[in-house]
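Model, not experiment: these values are computed from the prediction. Throughout, a chain's letter reflects where its sequence line sits, starting with A, and its residues are numbered from 1.
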Number of protein chains: 2
Amino acid sequence: MSEDLVATSTEIGLYASRLLRRIRREADLPAGARVLSILDEHGPLGIGQLAKLDQCSQPTMTGTVNALVERGWVTKDADPADARATRVTMTREGAVALRTSRRAIGELIASLLGDVEHADAATAARVLRLLVESPSPEKGHR
Amino acid sequence: MSEDLVATSTEIGLYASRLLRRIRREADLPAGARVLSILDEHGPLGIGQLAKLDQCSQPTMTGTVNALVERGWVTKDADPADARATRVTMTREGAVALRTSRRAIGELIASLLGDVEHADAATAARVLRLLVESPSPEKGHR
DNA sequence: CCACTTTACATAGGAAACCTATGTAACGGA
DNA sequence: TCCGTTACATAGGTTTCCTATGTAAAGTGG
């Protein structure tokens, strides 16, 4: 593995960390925003499925979803086929909130990007997506 | 402002958020790692200067530095020229810890990158750096 | 049809990494 | 010398995550 690549990767980690704090401060990226994104993409899902897709623990997702319910951005209904399960569905207010949040963050980042080539921004987005979605390197046996 | 650009920017924000959580879980990126990076780049600095460079509040930096002192990764000495100020200096153990942490994160990300072109990874790093370092868009007056 | 495991969530408790507001002591200029 | 500024420390709170564990419904083998 090239030293250069490790160095570049280190930078990505470092800057991602600072960027997130900046977004949290200057826009406001609630934990629930990610969940709304997932529901927008996949439609109604259960708590466990949401947790898996967002790569967090199930209790964390329970809490996040409850917070979203209180805000009126999603509803929790019983799954008719399985009394244990829950179906989390985005409400119309949730869809509005998602659009608003996306726009705020998008515009913040776009303004910070300044005169960066759009193609370079797209490359960055693609690389980040890959980083998030690629499976974990197996450690040890498995 | 182009809709496409806003969409790309939104993705960058979303993926940065997920990436950071992934790094925290799979490598282990202590809050202090960023401070060590800064000290490595700039040499000994005061608390306030560190806070400014890391873009966090001064109390947060006080806490982070104290934690680093407890771990033996930095020392706090009085500034001989100013009794109020503190000089935070990285120790040899801190330098080792920084190298170790960088390597762990770098290798994690590099392995996740898989067969992404190195040039694309470098572009992503450059874009992220810009996002972190470009000044805030002025909101309103000043 | 009755244990027994598994699955889907909920609850409890706690840790990390931030923040704002405020206090204290030294510095520095009028 | 007085007073505003600067450099930190402290207090107290929030957000976002975690592990461990409990509960109830759903499958499953005998």
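With distances taken from any side-chain atom of Gln58(A) to the nucleotides dC18(D), dA26(C), dA10(C), the minimum falls on dA10(C). Of all nucleotides listed (dA26(D), dC8(D), dA8(C)), dC8(D) comes nearest to the side chain of Thr86(B). The side chain of Arg24(B) lies closest to dC18(C), out of dC27(C), dC17(D), dC18(C). Side-chain proximity of Thr62(A) to the nucleotides dA26(C), dC9(C), dA9(D) is greatest for dC9(C). Comparing dA9(D), dA26(D), dA10(C) by their nearest atom to the side chain of Ile47(B) picks out dA9(D). For Thr60(A), counting side-chain heavy atoms from C-beta on, the closest listed nucleotide (dA25(D), dC18(D), dC19(C)) is dC18(D). Residue Ser57(A) places its side chain closer to dC18(D) than to any other of dA8(C), dC18(D), dA26(C). If you check dA25(C), dA10(C), dT10(D) against the side chain of Arg84(B), the one that comes closest is dA25(C).
Comparing Gly63(B) and Asp82(B), the nucleotide of DNA chain D nearest to each residue sits closer to the 5' end for Asp82(B). Mapping Ala81(A) and Pro59(B) onto DNA chain D by nearest heavy atom places Pro59(B) closer to the 5' end of the strand.
The separation between Ile23(B) atom CD1 and dT16(D) atom C1' is 17 Å, rounded to whole Å. One can place CZ of Arg21(B) at 15 Å from C1' of dA17(C), the figure rounded to the nearest angstrom. Distance, Arg34(B) CZ to dA16(C) P: 15 Å, rounded to whole Å. One can place CZ of Arg87(A) at 16 Å from P of dA8(C), the figure rounded to the nearest angstrom. One can place CG of Asn66(A) at 12 Å from P of dC9(C), the figure rounded to the nearest angstrom. Counting to the nearest Å, the C1' atom of dC18(C) and the CG atom of Leu20(B) are 13 Å from each other. One interatomic measurement links the two molecules: CZ of Arg22(B) to P of dC17(D), which rounds to 15 Å at whole-angstrom precision. The distance between atom CD of Glu70(A) and atom C1' of dT15(D), rounded to the nearest whole Å, is 14 Å.
Remark: His42(A) NE2 to Met90(A) CE distance equals 12.0 Å, nearest 0.5 Å. Note: Asp79(A) CG to Thr86(A) OG1 = 8.0 Å, rounded to the nearest 0.5 Å.
The neighbour count for Arg87(A) CZ, taken as heavy atoms of other residues, nucleotides or ligands under 6.0 Å away, does not exceed 12. Annotation for Gln55(A): atom CD counts as buried by contact number, over 12 foreign heavy atoms lying within 6.0 Å.
Of the side-chain N and O atoms in Lys76(A), none sit less than 4.0 angstrom from OP1 or OP2 of dA8(C). Between dT7(C) and Lys52(A), no contact under 4.0 Å exists linking OP1 or OP2 to a side-chain N or O.
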- Message: Does Gln58(B) form a side-chain hydrogen bond (donor to acceptor under 3.5 Å, both in side chains) with Thr62(B)? I'd like the steps, not just the answer.
- Response: CA-CA 6 Å; Gln58(B) 168 262 309; Thr62(B) 294; 3.0 Å; yes
